[in-house]
*Asks:* 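One structure, pasted below without further comment.
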Number of protein chains: 2
Amino acid sequence: MAATLHDVAHLAGVSIKTVSNVINDYPHIRVQTREKVEAAIAELGYRPNLTARNLRSGRTGAISLALPELSLSYFAELADSVIVAAERRGMTVLIEQTGGDRARELEVLRSPRRQLTDGLLISALGLGQDDALLLEQPYPVVLLGERIFDGPTDHVTMRNVEAARAATEYLLARGRRRIAIIGAHEGEVIGSAGLRLRGHREALEAAAVPFDQDLIRCTALWHRSNGATSMRELLASGVRFDAVFAFNDTLALGAMRALQEAGIRIPYDVAVVGFDNLDESLYSLPSLTTVDPGREEIAETAVRVLLDRIEGKADPVVPPREIFAEFSIVERESTGVPG
Amino acid sequence: MAATLHDVAHLAGVSIKTVSNVINDYPHIRVQTREKVEAAIAELGYRPNLTARNLRSGRTGAISLALPELSLSYFAELADSVIVAAERRGMTVLIEQTGGDRARELEVLRSPRRQLTDGLLISALGLGQDDALLLEQPYPVVLLGERIFDGPTDHVTMRNVEAARAATEYLLARGRRRIAIIGAHEGEVIGSAGLRLRGHREALEAAAVPFDQDLIRCTALWHRSNGATSMRELLASGVRFDAVFAFNDTLALGAMRALQEAGIRIPYDVAVVGFDNLDESLYSLPSLTTVDPGREEIAETAVRVLLDRIEGKADPVVPPREIFAEFSIVERESTGVPG
DNA sequence: GGCTCACTGTACAACGTTGCAGGCAGCGAC
DNA sequence: GTCGCTGCCTGCAACGTTGTACAGTGAGCC
């Protein structure tokens with residue numbers, strides 16, 4: 001049985017409240033008393049019961065992070081950054097996996113488990129713009145990702161349209177004209193796929209390069225296998241292309257794998273650009289040119305904004321904010337070695 | 001302000017305890033009463049306060065998982081499996097990153113945050129056999145990994161020696177005789193590197209193949225970049241080899257990258273075997289032959305064993321157990337396409 | 001009629017902590 | 001001498017829940 005304030009108070013011969021005062025650095029305590037209490041604490045190996053403290057204070061010192069799955073490298077790296085940012089501010093992170101499933105995302109929002117934490121960071125894949133109002137919850141929520149805009153909560157995300165436009169412009173500038181897309185979502189307007197496709201089309205239009213529907217491959221999931229499968233389909237379709245813009249790095253890596261199986265040379269025959277700047281994209285063969293969406297900045301900002309709400313610094317008065325991280329293009333071998 | 005039992009009781013015109021009884025499915029309640037209470041619950045949108053419940057019950061419904069970092073794919077996949085296993089049993093998972101640093105691992109063991117969860121699953125990299133006794137804590141702990149054996153807690157791990165021996169035997173069976181090792185740790189006996197090296201040497205010995213120290217590359221960290229660097233060093237050293245056994249997949253992928261940069265053909269010139277069976281090893285080019293250490297089985301078992309301790313099923317009486325997951329060799333292209 | 005027993009519901013205390021109000025001693029000012 | 005202040009410490013109540021003890025009601029049985 002763990003020691004309680006009561007045990008310490010008894011041993012030190014003071015009241016329970018005095019022990020509490022010592023622990024909480026209440027100023028008016030005689031040095032002598034403080035030492036007695038500290039000795040008792042040390043002797044009993046007393047540690048405050050956080051659950052009881054939480055019950056009194058209403059704060060838990062933890063935040064929840066809901067994301068599709070950690071097996072997806074992007075989310076693993078995001079979780080890493082979030083945990084680091086949270087720890088820097090003395091918070092722990094509880095992780096929930098939703099599989100990107102709308103029903104499970106809603107469940108996470110409504111789960112009584114939310115009471116174990118002070119707020120929720122949710123990276124949604126299943127929710128859509130129509131679900132925006134469901135984000136309104138009796139606790140602080142910060143939304144990540146690009147499924148919902150102008151919702152009732154703070155929102156931290158990346159510049160999808162601009163970044164995708166920059167990626168396509170980058171390929172166009174290197175003389176590529178037939179750019180295949182992997183990872184599109186049929187009919188999607190909002191969402192990573194929809195926004196990135198829009199950026200792509202904007203770049204084509206600005207350069208007066210015709211858009212060809214045959215170059216677009218849809219795949220709901222963005223795992224490596226989906227990238228490989230899409231590329232095999234593309235090759236089987238016989239459509240001609242000299243570049244691939246995959247909507248994330250895992251798709252790109254799967255696609256590169258399929259390209260090379262088919263004996264196609266990267267970047268000589270086909271240039272490849274990904275999105276996410278995963279660690280592994282630096283070590284693929286060839287290394288992958290990709291869009292760095294500012295993952296650490298997103299994590300850092302999201303945690304800061306959530307804590308602002310939790311601590312009431314940004315009271316309900318402050319309207320929900322939309323914050324965009326800065327992106328950059330990381331140039332590597334898959335588009336031709338630079339310099 | 002969230003509704004409490006008190007509010008519900010008031011609205012339903014019953015005592016607070018009756019509401020509690022309804023919620024906890026206490027059997028002797030009149031249908032009529034139950035309905036009244038349920039209506040009040042629905043009207044107020046009442047959700048039980050988990051913190052208060054935890055304080056009463058001493059249980060939190062969460063477990064902690066401490067691991068080096070989620071950016072390492074192996075740990076991300078492990079965390080995924082642990083979260084899934086925990087969820088299946090109604091538990092949530094709080095993640096702490098230690099960076100594999102001994103001091104931070106000790107901090108995790110002693111942190112008052114442990115009180116936010118019912119037990120700890122710790123995958124240590126920094127702790128060593130001498131630290132075994134420090135695992136003795138006033139809450140349930142299950143150790144993962146291979147830094148400490150016969151410690152005071154339950155321990156779930158993989159068959160490192162046997163798996164590594166099998167990997168080397170596999171290469172030997174395919175006619176490889178000069179097997180380079182990447183990821184060794186100088187002088188280590190216990191620990192993934194030490195054990196895997198032992199398995200490797202056992203296989204060599206059994207086959208009467210001489211052990212050559214020049215083929216061993218040490219690297220403390222097992223990131224992709226370390227694999228690439230080690231391989232470049234190996235190539236620069238001029239030592240002759242026809243196979244590589246990397247002590248994890250990320251090292252192997254980095255090494256393959258460096259091999260291919262040097263124009264060496266895999267598996268024709270050099271066969272490569274990794275360890276971990278990461279998802280990405282299936283999509284590298286060539287795909288990577290690897291040891292599947294039974295990650296899901298480890299996660300599943302670890303969660304089960306921890307919950308057994310938490311629920312007191314396996315009371316202190318039961319001595320700490322050492323549990324080993326079954327491994328298998330996953331044969332892919334990096335050692336020559338099978339069949 | 002009095003007994004037991006099964007139902008149905010209530011009151012109270014407790015989990016370990018902290019906010020609040022207040023007590024008491026000592027001291028300087030009037 | 002007393003008033004008011006500061007410094008130090010204490011007791012009580014409360015956070016929201018659940019376990020224990022118990023009270024009342026009605027049915028069934030001797």
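Computed from a predicted model, the values in this text were never measured in an experiment.
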*Asks:* Using whole Å, what does the distance between atom P of nucleotide C:dC7 and atom CD1 of B:Ile29 come to?
*Replies:*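 The distance from CD1 of B:Ile29 to P of C:dC7 comes to 13 Å, rounded to the nearest Å.
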*Asks:* What residues in residues 15-26 of chain A put a non-hydrogen atom under 4.0 Å from any atom of DNA chain C?
*Replies:*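 The answer is A:Ile16, A:Lys17, A:Ser20, A:Asn24.
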*Asks:* Could you tell me which non-hydrogen atom of A:Leu127 sits nearest to which non-hydrogen atom of A:Arg147, and how far apart they are?
*Replies:* O-NE, 2.7 Å
*Asks:* Tell me the interatomic distance from A:Arg47, atom CZ, to C:dG16, atom P, rounded to whole angstroms.
*Replies:*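 For the pair A:Arg47 CZ and C:dG16 P, the rounded distance is 16 Å.
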*Asks:* Starting from C1' on D:dC15, measure out to CG on A:Asn49 and report it in whole angstrom.
*Replies:* 13 Å
*Asks:* Classify the ring geometry of A:His28 against A:Tyr26: parallel below 30°, tilted from 30° to 60°, perpendicular beyond 60°.
*Replies:*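 Perpendicular, since the angle between the ring planes exceeds 60°.
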*Asks:* Which whole-number value in Å describes the distance from B:His28 NE2 to D:dT25 P?
*Replies:* 19 Å
*Asks:* Phosphate oxygens OP1/OP2 of D:dT18: is one of them under 4.0 Å from a side-chain N or O of B:Arg53?
*Replies:*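 True: B:Arg53 side-chain N/O within range (under 4.0 Å) of D:dT18 OP1/OP2.
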*Asks:* Provide the closest heavy-atom pair for B:Ala85 versus B:Glu300 in the form atom of the first, atom of the second, distance.
*Replies:* CB-OE1, 3.6 Å
*Asks:* Choosing from D:dT18, D:dC8, C:dG9, which nucleotide comes nearest the side chain of B:Arg56?
*Replies:*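 Among the listed nucleotides, the one closest to the side chain of B:Arg56 is D:dT18.
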*Asks:* Please check if the side chain of B:Ser73 supplies one atom and the backbone of A:Ser73 the other of a donor-acceptor pair under 3.5 Å.
*Replies:* no
*Asks:* Can you check the B:Leu55 CG to D:dT18 P distance for me, whole Å?
*Replies:*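 Rounding to the nearest Å, CG of B:Leu55 and P of D:dT18 are 11 Å apart.
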*Asks:* Rounded to whole angstrom units, what separation is found between the CG atom of A:Asn54 and the C1' atom of D:dT17?
*Replies:*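 My rounded result for the distance is 15 Å.
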*Asks:* Determine the minimum heavy-atom distance between B:Leu306 and B:Ile63, stating which atoms define it.
*Replies:* CD2-CG2, 3.8 Å
*Asks:* When the distance from CG of A:Leu5 to C1' of C:dT17 is rounded to whole Å, what number comes out?
*Replies:* 6 Å
*Asks:* Can you measure A:Arg59 atom CZ to C:dT17 atom P for me and round it to whole angstrom units?
*Replies:*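 Computing the A:Arg59:CZ to C:dT17:P distance gives 19 Å.
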*Asks:* Okay, side chain of B:Glu105, backbone of B:Ala124: is any donor-acceptor separation there less than 3.5 Å?
*Replies:* no
